[in-house]
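Because the structure is predicted, anything quoted here is derived from the model rather than measured. Along the sequence shown, residues carry numbers from 1. We count ligands from 1, going down the list as the structure has it; atoms in each ligand are counted the same way. All values below were derived from every heavy atom in this structure, side-chain atoms included, with hydrogens, water molecules and symmetry-related copies excluded.
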Amino acid sequence: MKALEEKIRLEGVALSETVLKVDSFVNHQVDPVIMQQIGDAFAAAYKDEGVTKVFTIESSGIAPALYTAAALGVPMVILKKQTSKTLSGEVFQTNITSFTKGTSYELTLSKKYISPDDRILVIDDFLANGEAASGASHLISLGGASIVGIGILIEKSFQRGRKRLEDAGLKVTSLARISRLSKGVIEFTDADI
Ligand code: 5GP
């Protein structure tokens, strides 16, 4: 998606060889214009897949996931990051290690918001090692639902996330794919749409 690539070139800050900061339009301040374009692009790519729900991971996935859900006319579900295991039996949980923070959390989904008939599109801001997306996929399989794809705003293609997801049989749709990062340098490879 050329508009997203342009935005990253203009406003993205490569902090190191592995971390890109996009606080001015994704992670801190949010640009609703580009978020709507992103939602429309994912919705167009998945319009024939019978998507029943869009899942995302709090908090930076919420804005693009909401625009995607609105464009597809389906609900959005936010997977919560909880600090401890819940023993109520009313939720599905899986442990995730955060790429940026190095800490771990319990990704949590209420059993109320998933059913075996669901066909789910997962949206997240970044793909690094694929921890968050694999966790979302695991929760969806615990709920007995199908996962139609994983939509990513910014994939760091030099990390192992995409291969990990594809090896697990998941379809990945990334709007911007970064082949190399280093201080002040952001290089792109061809995106999926
Ligand atoms: P993964 O789970 O694929 O290893 O990492 C993806 C998650 O880590 C994303 O949900 C995102 O919050 C965070 N993340 C990974 N890499 C970056 C990065 O370069 N910049 C920012 N801002 N977040 C990242």
Salt-bridge test for E58 and K81: reply yes if a basic N is under 4.0 Å from a carboxylate O, no otherwise. no
Identify which of K81, K156, E155 has a heavy atom lying nearest to atom 18 (C) of ligand 1. K156
Considering D124, T97, V26 one by one, which has a heavy atom nearer to atom 10 (O) of ligand 1 than any of the others? D124
Any nitrogen or oxygen of L20, main chain or side chain, under 3.5 Å from a nitrogen or oxygen of ligand 1? yes
Could you tell me whether some N/O pair between A128 and ligand 1 is separated by less than 3.5 angstrom? yes
Any N/O of E131 closer than 3.5 Å to an N/O of ligand 1? yes
Would R164 and E131 pass as an ion pair if we require N to O under 4.0 Å? yes
State whether the shortest distance between N or O atoms of N129 and N or O atoms of ligand 1 falls below 3.5 angstrom. yes
Counting both backbone and side chain atoms, is some N or O of V22 under 3.5 Å from an N or O of ligand 1? no
Please check whether F126 reaches ligand 1 - meaning an N/O of the residue sits under 3.5 Å from an N/O of the ligand, judged on distance alone. no
Over 12 foreign heavy atoms within 6.0 Å of CZ, F99: yes
Can a non-hydrogen atom of I57 be found less than 4.0 Å from any atom of ligand 1? no
Do K2 and E6 meet the salt-bridge criterion of a basic N to acidic O distance under 4.0 Å? no
Start with the C-alpha gap between L4 and Q37, add the side-chain angles, then the distance that decides, and say whether side chain to side chain contact (heavy atoms under 4.5 Å, CB included) holds. CA-CA 9 Å; L4 179 59; Q37 291 169 359; over 6 Å; no
Test item, Q159 contacting ligand 1 (heavy atom, 4.0 angstrom): no
So for L181, does at least one of its heavy atoms come nearer than 4.0 angstrom to any atom of ligand 1? no
With a 4.0 Å cut-off on heavy atoms, does S60 reach ligand 1? no
So with a 6.0 Å cut-off around NZ of K163, is the heavy-atom count from everything else above 12? no
